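Treat the numbers as computed from the prediction; the structure is a model and nothing was measured. Hydrogens, waters and symmetry mates play no part in the numbers below; they use all other heavy atoms, side chains included.
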Amino acid sequence: NQFVGCDIGYAGLCGVYVDHGSTRMVACKSWYSGQLNQAQRYGFWLRWAQLDYAVGVSLSSCEAQDNRGSGFVLDGAQHCALEGCVADSNAGVGFDFYNASKCMIRGLARTRSGSIQVQSYALRMRANSINNMVQLISTHAPTSPLEPSSEGYADNLFTVIHNGAQWGI
């Protein structure tokens, strides 16, 4: 599957939901998604689902903007690559890992000046997220770009440049 230049706005559930492998998305944008369902408010949701996995998914130059939840969620995803992706002013976390492994992200997490929604953190790692590599530039409001209650930072390689300071392992 390959998608180029998708523009998904005001979706009732998440903007993009991927639960199978070998999907490529280039220059796709999800904005104002998650209007109807409290549990599915993400811009992009790469998810493990019963027998299928979000394995080998790649996103290039994609943007999650002003969604009602997190921008990019890697939920059980494996061997995924997000290159040049932007999480902009989402109501949740910019890049959210949940039991994800062997994924690579290089991108930007920010909250626009004057935006009604403030992205809580640039990065969150939860539930056995291991062997991931993350490089982010963060220019949003909170003092820390990393969610402090996350339990998964130790088994991952990450660098976050946040308002001129470097965070990472």
Side-chain angles (χ1 to χ4, degrees), residues 1-19 23-47 49 54 57-77 80-98 100 103-127 129 132 134-150 158-165 167:
N1 301 320
Q2 183 167 304
F3 304 91
V4 178
C6 300
D7 186 17
I8 302 111
Y10 280 100
L13 302 176
C14 61
V16 174
Y17 176 82
V18 178
D19 67 357
T23 298
R24 311 284 177 263
M25 300 188 86
V26 178
C28 293
K29 183 172 182 172
S30 172
W31 50 278
Y32 289 113
S33 294
Q35 300 296 317
L36 298 178
N37 188 313
Q38 185 78 16
Q40 298 180 9
R41 295 180 156 192
Y42 314 128
F44 291 80
W45 189 6
L46 310 182
R47 181 172 186 245
V57 174
S58 66
L59 279 62
S60 177
S61 301
C62 292
E63 183 176 2
Q65 178 188 331
D66 293 312
N67 295 289
R68 305 269 321 261
S70 294
F72 295 88
V73 177
L74 285 76
D75 180 359
C80 295
L82 283 68
E83 179 72 32
C85 292
V86 177
D88 181 358
S89 306
N90 297 287
V93 174
F95 296 87
D96 195 354
F97 286 71
Y98 185 84
C103 297
M104 186 214 50
I105 293 180
R106 291 179 54 173
L108 170 70
R110 72 183 201 122
T111 295
R112 289 184 320 281
S113 178
S115 176
I116 294 170
Q117 295 184 144
V118 176
Q119 213 158 246
S120 54
Y121 296 97
L123 178 64
R124 172 169 53 190
M125 296 265 186
R126 304 179 285 155
S129 290
N132 298 293
V134 180
Q135 294 177 316
L136 293 176
I137 294 176
S138 166
T139 59
H140 63 287
T143 54
S144 170
L146 311 175
E147 184 186 70
S149 63
S150 291
F158 69 94
T159 303
V160 178
I161 307 226
H162 176 67
N163 295 333
W167 302 63

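Here Glu83 pairs with Met104, Arg106 under the side chain to side chain contact (heavy atoms under 4.5 Å, CB included) rule; sequence neighbours left out. The side chain to side chain contact (heavy atoms under 4.5 Å, CB included) search around Leu36 returns none, not counting sequence neighbours. For the salt bridge (charged side-chain N to carboxylate O under 4.0 Å, His left out) test, residues two or more places apart in sequence or in another chain that qualify with Arg112 are Asp66, Asp88. With sequence neighbours excluded, no residue forms a ring-ring contact (aromatic ring centres under 6.0 Å, His included) with Phe97. Partners of Cys14 according to the side chain to side chain contact (heavy atoms under 4.5 Å, CB included) rule, which considers only residues two or more places apart in sequence or in another chain, are Tyr17, Tyr42, Trp45.
Every pair passing salt bridge (charged side-chain N to carboxylate O under 4.0 Å, His left out) that includes a residue from residues 24-36 is listed here, sequence neighbours excluded: Lys29-Glu63.
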Could you list the donor-acceptor pairs under 3.5 angstrom formed by side chains in residues 1-12, with sequence neighbours left out?
residue : atom : partner : partner atom : Å
Asn1    : ND2  : His20   : NE2          : 2.8
Asp7    : OD1  : Trp31   : NE1          : 2.6

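One N or O on the side chain of Asn90 and one on the backbone of Ala64 form a donor-acceptor pair closer than 3.5 Å. The backbone N or O of Val26 lies less than 3.5 Å from no partner atom in the side chain of Ser61, so there is not a single donor-acceptor pair. Panel note: side chain Ser138, backbone His162; no donor-acceptor pair is recorded below 3.5 Å.
Residues Ser70 and Val73 share a closest heavy-atom pair of CB-CG2, 3.7 Å. Listed here is the closest heavy atom pair of Leu146 and Phe158: CD1-CE1, 3.5 Å. The minimum heavy-atom distance between Leu108 and Phe95, with the atom names listed, is O-CE1, 3.6 Å. Closest approach of Gln119 to Ala87, counting heavy atoms only: NE2-O, 3.2 Å.
We find that Asp96 and Arg124 are joined by a salt bridge, their nearest charged nitrogen and carboxylate oxygen being less than 4.0 Å apart.
When side chains are defined from C-beta on, Leu59 does not count as touching Val16, because their heavy atoms never get closer than 4.5 Å. Annotation: side chain of Ile105 is not in contact with side chain of Leu123 (no heavy-atom distance under 4.5 Å).
Heavy atoms from other residues, nucleotides or ligands lying under 6.0 Å from CD1 of Ile137 number 12 at most.
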*Go through the steps to decide whether Asn67 and Ser30 satisfy the test side chain to side chain contact (heavy atoms under 4.5 Å, CB included), and finish with yes or no.*
CA-CA 7 Å; Asn67 295 289; Ser30 172; 3.3 Å; yes
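A distance of 15.0 Å separates CE of Met125 from OH of Tyr98, quoted to the nearest 0.5 Å. Here the OG atom belonging to Ser129 is positioned 8.5 Å from the CG atom belonging to Leu74, to the nearest 0.5 angstrom.
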